[in-house]
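Here is the naming used below: chain letters follow the sequence lines, and residue numbers restart at 1 for every chain.
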There are 2 protein chains.
Amino acid sequence: MSKIKPTSTHDENKRLLEAECPEIYASNLINGQWTVAICCYLGAGKMRFAALKKKLPAITDRMLTLELRKMEEKGLISRTIFAEVPVRVEYELTPIGHELTPVIQQLEIWGKKHKALFDKQ
Amino acid sequence: MSKIKPTSTHDENKRLLEAECPEIYASNLINGQWTVAICCYLGAGKMRFAALKKKLPAITDRMLTLELRKMEEKGLISRTIFAEVPVRVEYELTPIGHELTPVIQQLEIWGKKHKALFDKQ
DNA sequence: TATGGAGCTAACAAAAGTGTAAGTATGAGC
DNA sequence: GCTCATACTTACACTTTTGTTAGCTCCATA
């Protein structure tokens, strides 16, 4: 998750498209490898780092940290630190993050249909 | 768009997640940089290569070809070649591709809301 | 003393995605 | 013969994302 080079036309194109189309803007907000999964789990309520990690078996500490940070930056989740020992950190969907839930459900329905079509072949 | 290495845990993780969650499977189907944009334009009807290219100002021939091929593989669009001179090629959404349109519209609505929130700040 | 859990962080490496520049085949029109 | 348009293809380089490995801090408990 290095800094984006200012000379990148790749990024330039992304921004152009995002500026024109909110649907592309939206899809870019959720296209991290674990983003949608995390949204799903947090849809059911607050969760701690370790709890999320258990739900995402193959994820590493690093990836989970990065994803959560990115999602926080994007305003999808909020992060609350409890100064206990050991530290406790809770993640939770923001209001706009919650509004994403029905959209993800639509995606899920469509995904199932698409999968059914392709499993037949 | 090189071949995926079979040793890649990156890809392995993707498949694990996709197998469990149709919503992740779905989101992976639409996360090419130009995929959603192309779906939008084709939602209105068939289009030729050159017409799509005009609509996506910053795209190169190569990227458009790659995107269209990937979308064809994924069953989102179909490709019809007319053996004229010069060749004519038409792209069109498949039925399952069409069913994606309302989902994208949902994404669009959510994207606008999210954007509005962040533009204020 | 050391062991352990929670939630990270840093340095590095690999993979996937995207962009650049150049080229192809075809036949029509000049 | 030369150029034009369409819809690609190839070889290469760059950017971004993801993974590997190893660490760290805090204090409680054994």
Candidate nucleotides dC8(C), dG7(C), dG19(D), ranked by approach to the side chain of Val87(A) - the nearest: dG7(C)
Interatomic distance where CD belongs to Glu84(B) and P belongs to dC8(D) [whole Å]: 14 Å
Rounded interatomic separation in angstrom, taking NZ from Lys53(B) and P from dG19(C): 13 Å
Phosphate contact (dA7(D) OP1 or OP2) by Arg62(B) side-chain N/O below 4.0 Å: no
dG19(C) OP1/OP2 closer than 4.0 Å to side-chain N/O of Asn13(A): yes
Non-hydrogen atoms of Leu68(B) and Ile77(B) that approach each other most closely: O-CD1, 3.4 Å
Position toward the 5' end of DNA chain C (nearest nucleotide), Gly32(B) or Pro86(B): Gly32(B)
Arg88(A) charged N/C atom sitting above Phe82(A) aromatic ring, 6.0 Å / 45°: yes
Nearest-Å distance for atom pair CZ/P, residues Phe82(B) and dA25(C): 25 Å
Nearest-Å distance for atom pair CE/C1', residues Met63(B) and dT10(D): 15 Å
Separation of atom CD in Gln33(A) from atom C1' in dA14(C), rounded to whole Å: 14 Å
Any donor-acceptor N/O pair, Thr65(B) side chain to Asp61(B) backbone, under 3.5 Å: yes
With Tyr25(B), the side chain to side chain donor-acceptor pair (under 3.5 Å) member among Lys112(A), His114(A), Lys115(A): His114(A)
Touch class at under 4.0 angstrom, heavy-atom based, for Lys14(B) against every strand present: sugar-phosphate
Below 4.0 Å: OP1/OP2 of dT6(D) and any side-chain N or O of Lys54(B): no
Val89(A) side chain, from C-beta outward: closest of dC8(D), dA7(D), dG7(C): dG7(C)
Any Arg69(A) side-chain N or O less than 4.0 Å from OP1/OP2 of dT9(C): yes
Integer-rounded Å distance: dT6(D) P and Glu90(B) CD: 14 Å
dG7(C) OP1/OP2 closer than 4.0 Å to side-chain N/O of Arg48(A): yes
Between C1' of dA21(C) and CD1 of Ile59(B), the distance in whole Å: 17 Å
Distance-only donor-acceptor test, Arg88(B) side-chain atoms vs dT6(D) base atoms, 3.5 Å: no
Listed nucleotide nearest any side-chain atom of Phe49(B), set dG19(D), dA7(D), dT18(C): dA7(D)
Where Leu107(B) and Ser27(A) come nearest, the two heavy atoms and their spacing: CD1-CB, 4.2 Å
Nearest listed nucleotide, side chain of Glu67(B), among dT18(C), dC8(D), dT18(D): dT18(C)
